[in-house]
Amino acid sequence: DYKSIIERDVAGLDSVSVWGGQDHSTPQYGTVYISAKPTGASTLSLAQIAAIKEAVSSYNVLAIVPEIVDPDIIDLNLAITVKYDSRLTTLSSGAVAEKVVQTVNDYKTNNLLKFGSIFRYSLLSTNIDKTETSIINNLTTITAKKGIVPSTTTKDSYTVSFNNPIYNESVTYEGAVTSTAFSYTDASGNVHATCYFDDLNGTIRIYYLSGSDKVLVSNTAGTVTYSNGHIAITSFKPNSYVGSKINFTMKPSINDLIPIRNQMFEIANTNITVTMQDDAGTGTTVTSTSSTGTVSSTTTGTTSNTLSTTY
């Protein structure tokens, strides 16, 4: 089959996924889809695409057209609260937190970065607890993030498919889906410099903040299907946006996440936050750390008996 041929004949690929057009998000009969994760990158180079096409060319079936697509990366954000006892270790809270980040990286290397690899919450949580003898337990909260690169010149439609259910507790629950900022012109021609997407009862909205209050700019910007994590944005044209894309973030309704087709989960160091809570300490220390491990710290103080340090 194509998968075995590509794995055998094309170098520099970590993982390969192949599926028939009948199983695509929008069925495309007569097409076979091929996706590959290159080593050290998230998208295929032109040379790698050419090599894949060459590898399968001799095996093409009449009337079946191969189409090569890049991996569909879903970024996972982890907010990890670790309860530990500083009396049981010679390490600083920062050093323990760095070990926790390394545990997450080891989990990613061993269990993710392959097509079909399921994110198993319980396994990661257990591994974190085993990171260092002073750790008592942890509470890890997961959100998932995907982005779009919208046109700033024409109104277009966009889809964001997580293919995992989104947490939505009731029809009045707002903000199951959130986004990064963008500038937007409303139907009356008013320009709003900092807008966001959110949702309410299956409808995607656009709003800006006036103080802490949401002011709706559009309450018909698209739809969200909570049961499968599918977001559809319609007739959307921002003036500009922060960063290279507009990111959508959602909280999954279950902690184990399953990829389909060319989906793959990634956990970047910049998407890991570790809060250390010392049962033996007093006061509150807020600490920040970069992905390279540079640490700075300030102590604010508290009347509680738990020292809390965030990285």
Side-chain angles (χ1 to χ4, degrees), residues 73-113 117-146 162 164-167 175-178 180 247-259 264-300 302 304-311:
I73 305 295
I74 298 177
D75 290 303
L76 301 184
N77 305 311
L78 303 184
I80 307 169
T81 299
V82 176
K83 183 176 288 188
Y84 82 116
D85 189 332
S86 61
R87 295 167 297 188
L88 302 179
T89 182
T90 59
L91 298 176
S92 67
S93 64
V96 176
E98 288 175 1
K99 282 181 169 288
V100 169
V101 172
Q102 185 57 54
T103 293
V104 175
N105 283 319
D106 290 343
Y107 172 85
K108 177 178 73 173
T109 300
N110 295 329
N111 299 280
L112 300 181
L113 300 181
S117 294
I118 298 172
F119 174 81
R120 300 286 188 187
Y121 177 90
S122 60
L123 177 58
L124 175 60
S125 180
T126 298
N127 289 352
I128 291 171
D129 283 348
K130 294 179 179 178
T131 296
E132 215 273 336
T133 56
S134 64
I135 293 177
I136 300 167
N137 56 43
N138 79 89
L139 176 63
T140 298
T141 301
I142 307 165
T143 56
K145 179 175 67 176
K146 287 185 70 175
F162 289 99
N164 283 272
I166 297 173
Y167 174 78
V177 174
T178 59
T180 50
N247 282 314
F248 290 81
T249 299
M250 69 86 166
K251 179 182 178 181
S253 63
I254 54 176
N255 284 328
D256 286 355
L257 304 180
I258 302 173
M264 184 177 293
F265 298 122
E266 167 69 290
I267 306 173
N269 275 10
T270 50
N271 291 330
I272 303 171
T273 301
V274 180
T275 299
M276 300 295 297
Q277 293 186 345
D278 184 2
D279 271 2
T282 58
T284 298
T285 302
V286 179
T287 308
S288 62
T289 182
S290 72
S291 59
T292 58
T294 303
V295 175
S296 60
S297 174
T298 57
T299 300
T300 58
T302 181
S304 73
N305 290 325
T306 300
L307 182 150
S308 179
T309 310
T310 302
Y311 297 86

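What you see below is based on every heavy atom in this structure, not just the backbone, and it leaves out hydrogens, waters and symmetry mates. Numbers here simply count residues along the sequence, with the first being 1.
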Heavy-atom side-chain proximity of [X] to [Y] below 4.5 angstrom:
{"X": "Asn271", "Y": "Leu76", "answer": "no"}
{"X": "Val101", "Y": "Glu98", "answer": "no"}
{"X": "Asn111", "Y": "Leu123", "answer": "yes"}
{"X": "Glu266", "Y": "Leu112", "answer": "no"}
{"X": "Thr143", "Y": "Thr178", "answer": "no"}
{"X": "Val96", "Y": "Ser134", "answer": "yes"}
{"X": "Met250", "Y": "Phe162", "answer": "yes"}
{"X": "Pro252", "Y": "Ile166", "answer": "no"}

So which heavy atom on [X] is nearest to which on [Y], and how close?
{"X": "Leu91", "Y": "Thr89", "value": "N-OG1, 3.0 Å"}
{"X": "Pro259", "Y": "Ile118", "value": "CD-CA, 4.0 Å"}
{"X": "Asn255", "Y": "Phe119", "value": "O-CD2, 3.3 Å"}
{"X": "Ser125", "Y": "Asn138", "value": "O-ND2, 3.0 Å"}
{"X": "Ser93", "Y": "Tyr84", "value": "CB-OH, 3.1 Å"}

Not counting sequence neighbours, which residues clear salt bridge (Lys or Arg N to Asp or Glu O under 4.0 Å) with [X]? List them please.
{"X": "Lys146", "value": "Asp72"}
{"X": "Asp129", "value": "none"}
{"X": "Lys99", "value": "none"}

Got a second to check how far [X]'s [atom1] is from [Y]'s [atom2], nearest 0.5 Å?
{"X": "Lys145", "Y": "Asn77", "atom1": "NZ", "atom2": "CG", "answer": "5.0 Å"}
{"X": "Tyr107", "Y": "Asn127", "atom1": "OH", "atom2": "CG", "answer": "8.0 Å"}
{"X": "Asp279", "Y": "Lys83", "atom1": "CG", "atom2": "NZ", "answer": "5.0 Å"}
{"X": "Asn269", "Y": "Asn105", "atom1": "CG", "atom2": "CG", "answer": "4.5 Å"}
{"X": "Asn164", "Y": "Ile142", "atom1": "CG", "atom2": "CD1", "answer": "10.5 Å"}

| task | Go through Asp278 and Ser86 one step at a time and tell me if the side-chain hydrogen bond (donor to acceptor under 3.5 Å, both in side chains) criterion holds. | result | CA-CA 6 Å; Asp278 184 2; Ser86 61; 2.7 Å; yes

| said: For Leu78, run the side-chain contact (heavy atoms from CB on, under 4.5 Å) check against Leu124, Thr273, Thr141 and tell me which one passes. | reply: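 Single pass found, and it is Leu124.
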
| Pairs in or reaching into residues 249-259: which pass salt bridge (charged side-chain N to carboxylate O under 4.0 Å, His left out), with residues at least two apart or in two chains? |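 Non-adjacent pairs meeting salt bridge (charged side-chain N to carboxylate O under 4.0 Å, His left out): Arg120-Asp256.
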
| message | Tell me every residue that passes ring-ring contact (aromatic ring centres under 6.0 Å, His included) with Tyr121, counting only those two or more places apart in sequence or in another chain. | response |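 Listed in chain order: nothing, the list is empty.
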
| message | I'd like to check the ring-ring contact (aromatic ring centres under 6.0 Å, His included) partners of Phe248; sequence neighbours left out, ordered by chain and number. | response |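 Counting only residues at least two positions away or on another chain, Phe248 forms a ring-ring contact (aromatic ring centres under 6.0 Å, His included) with Phe197.
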
| message | Run the side-chain hydrogen bond (donor to acceptor under 3.5 Å, both in side chains) test on Asn247 and Thr180 for me, step by step, so that the C-alpha distance in whole Å, both residues' side-chain angles and the decisive distance to 0.1 Å come before the verdict. | response | CA-CA 5 Å; Asn247 282 314; Thr180 50; 4.8 Å; no

